[in-house]
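Just below is one structure, and these are the notes that go with it.
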Amino acid sequence: MQSYHAIPFKHRPLLAAMLLAMAAQAQADTGAAEMPAGEAVIISASRANLEAEKAPQTVVVIGKDEIEQQLTLSTNSSDVLSNILPSYTPSRGKMNGSGETLRGRTPLILIDGVPQSNPVRPTGREAHTIDYAMVERIEIIQGPNAINGLGATGGTINIVTRRPEKGTVNQHIDVQVTAPTSGIEGETLNYKTTYRVDGRLDKLDYLFSAGYEDQGLYLDGKGRSIGVDVTQGDLMDSRSYDILAKLGYRPDSQQKLQFSLNRYRIKSKASYVGVAGNRALGIPSTSREGTPPGTPAWNDAWTASASYNHYDLAGMELSAMVYHQQFVGLFGADNSATFQDVRIAPRGTLYDQSRAVAFKYGSKVGLTKAGLLDGRLKLTAGFDTLIDEGKQDMYGTGRTFVPESKYRNLSLFVQGEYKLLDSLTLHAGLRRENADLKVDTYRTLAAYNNTLVEGGKIKFNETLSNIGLVFNPVHDVTLYASYSEGFGLPDIGRTLRSINTPGQSIAKLRSLEPILTDGVEVGTRVRKGDWELDAAYYRSDSDFGTRIVSVNGVFAMAREKTRLEGYDASASYRFNKAHRASLAYAYTKGRYDSNADGSLDARLDGLNVAPNRVIATWNASWNDMLSSLLQVQHAFHQRFDDPAKEFSGYTLADASLNYKLDKGAVRLGVANLFDRSYITYYSQSALVEPARYFAGRGRTVTLGYALDF
């Protein structure tokens with residue numbers, strides 16, 4: 001029999017629909033399935049009220065307690081993700097997260113379902129649009145999927161913000177300070193504080209939270225200053241604040257209306273300039289006091305949404321949301337060859353900086369009906385809209401870098417969950433993407449010959465499918481297999497800004513074609529007594545994928561056939577009520593077609609794929625007052641086709657303590673417990689550049705206090 005993966009792409013959606021229909025018809029007369037015991041964890045990012053333990057893919061939920069533990073070690077949101085997910089690339093430690101992937105591909109990051117990625121001009125800063133102190137939980141669906149629209153070629157990361165607690169008025173204040181264990185000075189200290197007030201009234205609930213952070217200079221394991229990335233933006237030597245406001249109204253027990261607003265801003269203090277390192281001698285780049293040229297780099301994001309839920313609308317559940325986001329990202333100034341124009345200044349003397357601007361409007365509507373066909377079928381149908389307008393200009397000179405562009409999308413989807421047998425469930429769905437991109441006529445920069453490019457419109461219309469089986473052969477054991485298609489756009493801005501050949505028109509640029517990713521996954525989940533075991537093998541293919549490359553220090557995009565494959569495995573054991581240990585491992589291998597002959601002949605480097613890693617943790621509650629966390633992670637040595645990008649690997653350990661007082665709680669965190677001196681994965685394996693040969697942060701100690709009243 002022909003395998004599903006061998007069936008031509010255009011016929012797979014039809015096959016998925018036929019399988020769902022045939023399964024429903026074959027089982028129409030059987031009895032209803034039993035409901036699982038215990039409280040189920042519902043994944044809101046699934047769009048279909050999917051239970052985490054019943055998903056045909058690897059699903060990870062990071063809870064509030066885990067987030068708070070990690071924030072005691074590092075307030076960098078990328079560190080939170082990479083410290084828990086071995087398949088997520090270790091953080092660069094910078095404002096820009098380009099190269100931070102999930103299973104080797106770009107994840108779609110959402111905040112309460114609102115996409116943070118900008119399809120016209122991705123900036124790599126999507127992970128820094130909210131303070132994680134505002135976050136209730138994080139839902140991660142690994143592997144390509146299209147259920148939330150474009151961008152999830154590596155998976156979906158849905159950040160769910162805090163919700164009001166029980167009680168009329170609840171207040172929370174949190175303060176913490178972080179310092180290195182050597183070179184302790186005012187300039188190396190970090191300060192962070194958060195205040196939150198929330199409550200629930202008769203029909204209203206509310207939440208207001210504000211956070212502020214002042215980060216100082218980072219030091220490495222040898223007490224040296226870490227190099228600042230002036231151009232891409234840096235987390236160290238920065239100030240940030242976040243304001244989150246939510247208001248909910250429940251007219252009755254079956255309906256809820258909620259409004260949410262989040263404002264996040266981070267800006268460099270511009271107190272340092274970088275000093276290039278020496279890779280051959282193993283000397284990392286450092287920083288010295290000085291004022292960089294231009295305006296300091298910053299991120300500024302407004303995210304607003306209004307949602308309505310009806311939990312019993314003629315026996316169905318309705319969810320609807322409209323949202324708006326405004327994002328502005330300013331990069332630091334430099335005299336890059338790309339920015340030079342002799343009509344403005346002599347070559348090599350012109351300092352300029354780019355600014356990315358995006359305005360996003362959209363909606364999401366879903367209607368779920370459970371209990372069909374004697375309780376065996378659940379269907380969800382809905383539609384999404386998205387309008388994304390963006391550009392990138394030169395902040396200093398006002399020149400066009402990426403022209404005004406508008407992306408419009410209307411998507412229809414249906415997702416089904418059907419119990420073939422009491423122990424076998426079929427998941428299947430279709431999504432139809434109807435989109436177009438309109439670009440104005442423009443001229444490229446002088447570095448690209450001031451080329452006139454004719455504007456125009458490109459249509460992106462695709463039908464995407466997913467299908468999966470979940471089998472429970474015995475109690476506490478789950479086997480699953482799935483196929484899912486992801487839909488993404490290439491970095492449109494990188495393509496448009498680098499055109500240097502006259503006579504080009506937008507409508508004829510093949511490099512703007514969408515990225516279609518086919519993903520397969522086979523895995524198991526075991527929940528037996530005090531044991532939790534998970535393992536999965538995955539592979540994702542794209543016949544016309546993307547690879548980020550560095551050309552003269554400027555990131556560019558190559559369109560090539562790519563394949564990512566690997567496996568994840570994790571095990572956790574609860575020794576008793578107080579002690580729990582876990583071990584997680586991820587292996588990823590990425591290859592691409594370097595010469596367009598159809599053969600995957602080259603290995604993806606560290607700018608495109610994460611290292612193989614293992615993470616071990618031990619959580620302990622010593623008594624009602626004292627709890628602790630110990631975590632150790634090891635990134636394995638790895639070679640790439642370019643010998644200069646060989647990754648030596650490293651091992652890091654962190655620990656934290658939390659002690660409850662009569663009023664409040666005090667916590668102590670020690671990151672990089674043994675003060676390991678190392679070069680980051682990004683700096684070793686992503687690019688060969690002395691100015692960005694960054695060391696990782698050395699040992700830091702964080703002391704915090706939190707009070708609820």
Side-chain angles (χ1 to χ4, degrees), residues 5 9 12 45-47 57-59 81 85 87-89 97-110 115-124 126-127 139-158 384 386 388 407 409 411 413 429 431 433 435 460 462-466 482-495 511-521 536 538-549 555 557-566 568 586 588-593 600 604 607-610:
H5 196 267
F9 185 90
R12 294 177 194 159
S46 69
R47 306 294 299 279
Q57 294 171 280
T58 300
V59 174
L81 295 172
L85 296 171
S87 56
Y88 191 89
T89 306
S98 292
E100 295 177 6
T101 63
L102 180 62
R103 286 187 173 178
R105 297 190 187 274
T106 304
L108 171 64
I109 297 179
L110 310 166
Q116 302 301 294
S117 305
N118 301 304
V120 173
R121 179 61 189 100
T123 58
E126 297 85 28
E139 305 168 344
I140 300 104
I141 301 175
Q142 302 203 58
N145 64 83
I147 195 64
N148 282 285
L150 68 101
T153 55
T156 302
I157 300 174
N158 185 37
D384 299 339
L386 172 63
D388 189 306
Y407 175 82
N409 175 277
S411 301
F413 71 91
R431 184 180 178 94
E433 297 280 350
F460 308 100
E462 299 290 344
T463 301
L464 307 163
S465 64
N466 66 82
S482 65
Y483 169 86
S484 184
E485 295 168 350
F487 172 76
L489 291 181
D491 190 331
I492 294 169
R494 293 191 196 277
T495 299
S511 57
L512 294 181
E513 291 182 11
I515 305 165
L516 302 177
T517 306
D518 299 347
V520 294
E521 182 174 346
Y538 63 87
R539 193 179 90 177
S540 64
D541 292 89
S542 183
D543 291 337
F544 196 45
T546 61
R547 180 173 62 95
I548 302 300
V549 296
F555 293 132
M557 182 184 62
R559 298 300 306 269
E560 297 155 333
K561 181 179 180 179
T562 60
R563 171 176 294 170
L564 278 298
E565 62 181 325
D568 304 323
T588 306
K589 180 175 70 174
R591 302 191 70 83
Y592 67 96
D593 180 4
L600 296 166
L604 291 170
L607 193 57
N608 298 272
V609 67

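The analysis underlying the following values was restricted to heavy atoms, covering all of them including side chains, and did not include hydrogens, waters or symmetry mates.
- Interatomic distance, I515 CD1 to L489 CG, rounded to the nearest 0.5 Å: 7.0 Å.
- Of all the heavy atoms in A146 and E433, the pair that sits closest is O-OE2, 4.4 Å.
- Atoms OG1 and CD, on T517 and E485 in that order, are 9.5 Å from each other to the nearest 0.5 Å.
- Between the side chain of R591 and the main chain of R563, no donor-acceptor pair closer than 3.5 Å is present.
- If you take OG on S411 and CG on L150, they are separated by 8.0 Å, rounding to the nearest 0.5 Å.
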Exercise. Could you walk me through whether S540 and R103 pass the side chain to side chain donor-acceptor pair (under 3.5 Å) test, one step at a time?
Key: CA-CA 9 Å; S540 64; R103 286 187 173 178; over 6 Å; no
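- With contacts defined as side-chain heavy-atom distances shorter than 4.5 Å, the pair T156/R47 does not qualify.
- Rounded to the nearest 0.5 angstrom, D518 CG and D541 CG are separated by 6.5 Å.
- Looking at S87 and Q142, their side chains come closer than 4.5 Å, going by heavy atoms from C-beta outward.
- Counting heavy atoms from C-beta outward, L516 and D543 have side chains that stay 4.5 Å or more apart.
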Quiz item: When you look at T89 and T101, which way does the side chain to side chain donor-acceptor pair (under 3.5 Å) test go after all the steps?
Solution: CA-CA 5 Å; T89 306; T101 63; 3.0 Å; yes
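- Considering only heavy atoms from C-beta on, P115 stays 4.5 Å or farther from N148 through its side chain.
- In plain terms, the two heavy atoms of P490 and P514 that are nearest each other are CD-CA, 4.3 Å.
- With a 4.5 Å cut-off on side-chain heavy atoms, I157 and Y88 count as touching.
- Residues E100 and L81 are not in side-chain contact: their nearest non-hydrogen atoms beyond the backbone lie 4.5 Å or more apart.
- T562 and Y592 get closest at one heavy-atom pair: CG2-CB, 4.0 Å.
- In terms of the side-chain hydrogen bond (donor to acceptor under 3.5 Å, both in side chains) criterion, S542 has no residue partners (sequence neighbours excluded).
- In terms of heavy-atom proximity, D491 sits nearest to P122 at OD1-CD, 3.4 Å.
- Nearest heavy atoms, E513 versus R559: O-NH1, 2.8 Å.
- Using a 4.5 Å heavy-atom cutoff, the side chains of D568 and Y538 are in contact.
- Taking both residues in full, the closest heavy atoms of E126 and S117 are given as CG-CA, 3.6 Å, listed atom of the first, atom of the second, then distance.
- Side chain of Q57 to main chain of S482: no donor-acceptor pair is present (N/O by atom type, distance under 3.5 Å, no hydrogens or angles).
- With rounding to the nearest 0.5 angstrom, the CG atom of L108 is 9.0 Å from the CG atom of N158.
- Taken to the nearest 0.5 Å, the CG atom of L564 stands 10.5 Å off from the CG atom of L102.
- Residues R431 and N466 have side chains not in contact (no heavy-atom distance under 4.5 Å, counting atoms from C-beta outward).
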